[in-house]
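Written below as structure tokens is the structure these notes are about.
Here is the naming used below: chain letters follow the sequence lines, and residue numbers restart at 1 for every chain.
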Amino acid sequence: MSDETADLNELPKAYEPQKVEERWYAAWLEANCFHGDEESSKPPYSIVIPPPNVTGILHLGHVLNNTIQDILARRARQEGKEVLWLPGTDHAGIATQTKVERQLREEEGKTRREIGREAFLEKVWAWKEKHGGIIINQLKRLGCSCDWDRERFTMDEDYSQWVSHVFTELFKQGLIYRGKRMVNWCPVSLTALSDEEVIMKPQRSKLYYMKYEVVDSPGEFIEIATTRPETLMGDVAVAVNPKDERWGQYVGRKVRRPFPDAEIPVIADDHVDPEFGTGALKITPAHDKADFEIGTRHDLEILDILHPDGTINCPELPDLDGLDRFVARKKAAKILEERGILLKVEEHENNVGFSERADVPIEPRISMQWFLKYPCVDEAANAVADGEIKYRPERWAKTYAQWLGNIQDWCISRQLWWGHRIPVWYRKEKAFELKEAESLALADMDAGDIYVGEVPPAEGDWVQDEDVLDTWFSSWLWPFATMSKVGENSATLQKFYPTTDLVTGPDIIFFWVARMVMAGFRFEEQLPFKNVFFTSIVRDLKGRKMSKSLGNSPDPVDLMDKYGADGLRFGLMRIAPVGTDVKFDEAQIEEGRNFANKIYNACRLRLMAGAGSGLEMPPLEKLRPYHLDILTKLDGLSESLEASFAEYKFNELTAALYEFLWSQFCDQFLEAVKRDFRDEADGETREVSVAIFDIVMARYLQLLHPFMPHLTEELSARMGYLPDGEFVMKAELPAGKLLPDVPAEAAYANQVYETAGRLRNLKAEYNLATRKDVKFVVKKAADWLMAEADVLAFLSGAAAVEADDSFEAPKGTPLAVTGLGEFFLPLEGLIDVESEKRRLDKEIEKLEKEVTKCLKKLQNPKFVENAKPEVVQTEKDRHATWLEKLNQMRELRDALGD
RNA sequence: GGUCGAUUAGCUCAGCGGUAGAGCGCUUGCUUCACACGCAAGAUGUCACUGGUUCAAAUCCAGUAUCGACCACCA
């Protein structure tokens with residue numbers, strides 16, 4: 001909109017975000033606006049994106065999380081920092097492999113084993129190529145200002161070398177070891193899982209009561225309660241609490257296991273709770289974590305009676321052999337019942353661990369796995385405890401500390417194919433022996449039988465370990481492995497590591513945050529980030545977690561189609577509270593869109609007045625109170641935003657931006673000066689109002705830019721606030737105030753706005769809200785008021801406000817007393833003494849109450865003595881104001897008689 | 001069982017010692033030359049409960065109740 005006068009009709013009445021957003025994103029990319037320059041001399045600001053699953057699709061959690069990151073990144077650029085927001089994706093081992101396996105089954109009717117490792121991995125890569133770009137494009141649609149040239153993937157060549165390197169180092173340090181342990185086994189994915197990947201869910205199950213005959217005393221029984229009769233074949237003992245008087249006599253003796261028939265010992269162990277069930281517990285060391293521990297303490301045999309897929313492995317018992325564990329459970333109960341061993345069955349609620357990905361109950365299982373003893377645990381704990389890493393909200397620091405305080409070794413091996421293969425090689429001749437070895441350690445490496453590292457030595461034949469690593473074993477390296485190759489101290493790393501802010505959900509404190517701190521310490525000798533901002537979890541209006549299966553998760557892309565990316569961003573940020581979960585309501589996104597439209601229309605109004613002003617500040621003496629006032633308020637906004645940014649209070653930021661634009665700028669300032677934009681307005685008046693509009697709007701758009709990046713670019717360009725080819729996103733925020741010394745006249749504006757409100761109010765009370773022809777007569781007007789009478793009349797919806805101290809109001813003329821004078825609303829046929837008396841009496845009563853309240857407080861010596869002086873002063877001022885008004889009112893009321 | 005949150009207008013949430021707030025929704029009136037994705041006016045609250053500290057408590061402390069998250073877990 002450079003020099004021709006705009007015709008309002010050329011512009012659509014409502015803002016249409018879709019095309020605008022697409023165009024500006026392309027322009028930013030074209031101009032390389034997102035590049036983080038490692039050679040820059042500006043101070044660095046960096047964020048690494050929490051990498052979404054490569055084949056994932058965008059959900060509202062991502063929108064919240066990435067909008068926050070984008071806001072921080074864009075604001076940092078405006079503050080003159082060199083910003084790197086480093087994006088990428090995660091290979092998500094189990095999740096991705098499961099999807100591809102399902103596709104293989106559905107399309108070709110084959111399992112991964114049937115087509116073999118190599119062919120299967122080819123299919124996964126193909127899947128990744130096909131679906132990998134989706135979420136990245138969705139993030140672009142949202143407006144994310146990531147440096148896409150640096151996009152990383154956890155299975156990239158350079159990244160994979162980091163994974164191998166880290167594994168090798170930790171192995172050499174003796175922190176990685178292999179052994180047969182009780183792990184969480186997923187019978188569907190056929191892999192071990194870490195404790196963090198197991199989700200406990202309350203289940204309604206059954207508690208089966210059985211009786212076992214005492215071997216040396218036939219006819220005598222011990223009663224046992226269990227939820228898992230199908231594992232009975234794996235029982236090797238019955239345990240009771242040593243203090244339990246009912247069963248104490250049997251300790252050391254034997255009872256008869258029903259099937260397969262065997263004599264098993266009764267042992268005493270403190271773990272047994274005498275209060276639960278019968279107080280006697282069957283011990284199945286192979287299939288229960290607690291039983292395993294008891295078994296270890298008492299040196300019991302381990303009888304594994306399950307196949308990896310959860311079917312029964314017990315050829316001795318053809319009735320159950322081969323059955324699925326849950327089918328077998330019912331069958332086992334039936335057999336017990338037939339033999340008269342089953343006493344009763346009770347309904348029972350217990351917690352069962354489920355596989356996070358496959359959503360089936362996990363099976364505690366003993367298997368050969370790789371484990372990691374976490375490095376730098378103390379350093380990681382101290383970093384947060386000492387505030388070197390600052391958590392927001394702070395309370396998550398406690399959760400973090402608790403987990404680190406009870407940390408268990410991490411099971412890092414997965415029996416999957418999609419992932420980083422464990423970089424351990426066995427000398428072919430000894431491979432079989434070594435793979436089955438009870439433990440494997442440094443000694444084997446020293447002996448030259450195993451090799452740990454990316455590529456085995458050329459000499460000899462080597463066989464690689466079959467397992468891959470847990471996905472998080474690559475994710476925990478993310479902040480530095482994305483910035484440099486192994487052994488390379490890259491310029492990027494030097495410039496941007498440690499990163500400034502990490503924005504993530506509190507649900508992955510253990511999975512990711514804590515582990516990154518440890519890895520950062522161990523491998524870069526520095527903390528990976530300075531601040532961690534934990535976002536809220538997005539829920540539906542009923543408070544339920546968003547989930548695909550519930551169908552309560554709106555597609556952000558649909559929302560962007562409907563409301564625009566900016567509308568979605570702003571709407572979501574407005575409702576995202578600092579500490580707790582956010583309940584998502586589409587109506588809020590609609591508000592975001594409405595807000596965008598409001599700003600757009602304010603600009604549209606301004607375009608009536610034609611060409612750009614060049615953003616030159618007019619001489620101070622030409623500014624009217626409304627101009628001074630809005631400049632002052634904008635300065636106030638800048639300051640309060642700065643404070644809120646420093647504390648990451650996003651809801652405060654959006655509230656302040658919303659309030660300023662809608663209430664202060666549009667409802668007050670713009671209403672006061674809008675007539676200046678019309679053709680009939682005097683040239684100089686118009687020039688001044690246009691200039692102030694432009695100065696304020698240009699700066700406001702800059703302040704708003706991190707939240708609504710596309711809209712602000714569009715309007716800045718259209719309004720001619722920036723030369724062609726320049727961007728709001730690249731412009732630095734100027735320091736200092738627009739109006740450093742605020743003249744006293746600035747305060748007049750608020751008084752006019754307040755009085756106008758009272759006058760509109762008065763009109764409405766007499767059902768005159770729509771009458772534009774009324775006049776107000778003011779007595780005892782403030783000395784400057786008549787200069788602003790025209791604006792006051794316009795804002796009040798009146799034809800005029802006239803001063804006339806000699807005005808003799810007919811009795812019963814409605815009136816309002818404000819800080820600017822006594823305003824009468826004389827109108828023939830309207831005057832009704834009685835109703836005006838009643839109205840005034842009501843107002844006087846209200847005022848009296850206020851005055852009494854103030855007085856009571858001020859007469860309390862303890863208040864005057866103890867309260868802060870400024871609080872007392874405020875109270876005094878308030879009292880004086882009320883009292884003055886009250887007296888005026890009373891006087892005028894008295895004139896009406898009784 | 002342990003830890004940490006939440007409880008304020010019909011709804012979603014701010015406020016966290018000094019007169020109870022916003023947006024939506026609702027009522028009424030407006031198609032007024034930026035915007036009905038709008039304008040103006042209005043109604044609506046024992047700030048969960050019970051005690052305590054304080055001149056003063058929605059706000060601080062203790063306890064109770066309800067809801068939620070995380071950790072642990074009993075077969």
Taking the six-membered ring of Phe823(A), is the NZ or CZ of Arg758(A) close enough (under 6.0 Å from the centre) and on axis enough (within 45°)?
-> no

Roughly how many Å is it from CD in Gln668(A) to C1' in A34(B), rounded to a whole number?
-> 17 Å

Please confirm whether any donor atom in the side chain of Lys598(A) sits under 3.5 Å from an acceptor in the base of C35(B), or the reverse.
-> yes

Among the candidates G18(B), C24(B), A40(B), find the nucleotide nearest to the side-chain atoms of Val871(A).
-> G18(B)

Would you indicate what Lys674(A) reaches in the nucleic acid, counting non-hydrogen atoms under 4.0 angstrom: base, sugar-phosphate, or nothing?
-> base

Look at all strands and tell whether Arg593(A) reaches a base, only sugar-phosphate, or nothing, counting heavy atoms closer than 4.0 Å.
-> base

Between Arg878(A) and U19(B), is there a side-chain N or O to OP1/OP2 distance below 4.0 Å?
-> yes

A20(B) -> Watson-Crick or G-U wobble partner, both distances under 3.5 Å, gives none

Each nucleotide of nucleotides 67-75 of chain B classed B (base within 4.0 Å of a protein heavy atom), S (only sugar-phosphate) or -, in 5' to 3' order, makes --S-SBBBB

Tell me which nucleotide among A34(B), A41(B), U19(B) gets nearest to the side chain of Asn601(A).
-> A34(B)

Which nucleotide sits closest to the side chain of Lys772(A): C24(B), C35(B), U32(B)?
-> U32(B)

Watson-Crick or G-U counterpart of G63(B), or none if no pair lies under 3.5 Å | C49(B)

Ranking Asn860(A) and Arg678(A) by the position along RNA chain B of their nearest nucleotide, the one closer to 5' is Arg678(A)

Return the value, rounded to whole Å, for the distance between atom CZ of Phe570(A) and atom C1' of C37(B).
-> 14 Å

Assign Glu659(A) to base, sugar-phosphate, or nothing according to its heavy-atom contacts below 4.0 angstrom with the strands shown.
-> nothing

Would you mind classifying the nucleic acid contact of Glu865(A) as base, sugar-phosphate or nothing, using non-hydrogen atoms under 4.0 angstrom?
-> nothing

Taken to the nearest whole Å, CG/Leu661(A) to C1'/G38(B) is 14 Å

With both distances under 3.5 angstrom, what nucleotide forms a Watson-Crick or G-U wobble pair with G42(B)?
-> C26(B)

C4(B) - base-pair partner by Watson-Crick or wobble geometry, distances under 3.5 Å | G68(B)

Answer yes or no: does a side-chain N or O of Lys853(A) lie under 4.0 Å from OP1 or OP2 of U19(B)?
-> no

Selection from C39(B), C37(B), A22(B) that lies nearest to any side-chain heavy atom of Ala14(A) = C37(B)

Look at Lys398(A) and C4(B) and indicate whether a side-chain polar atom (N or O) is within less than 4.0 Å of OP1 or OP2.
-> yes

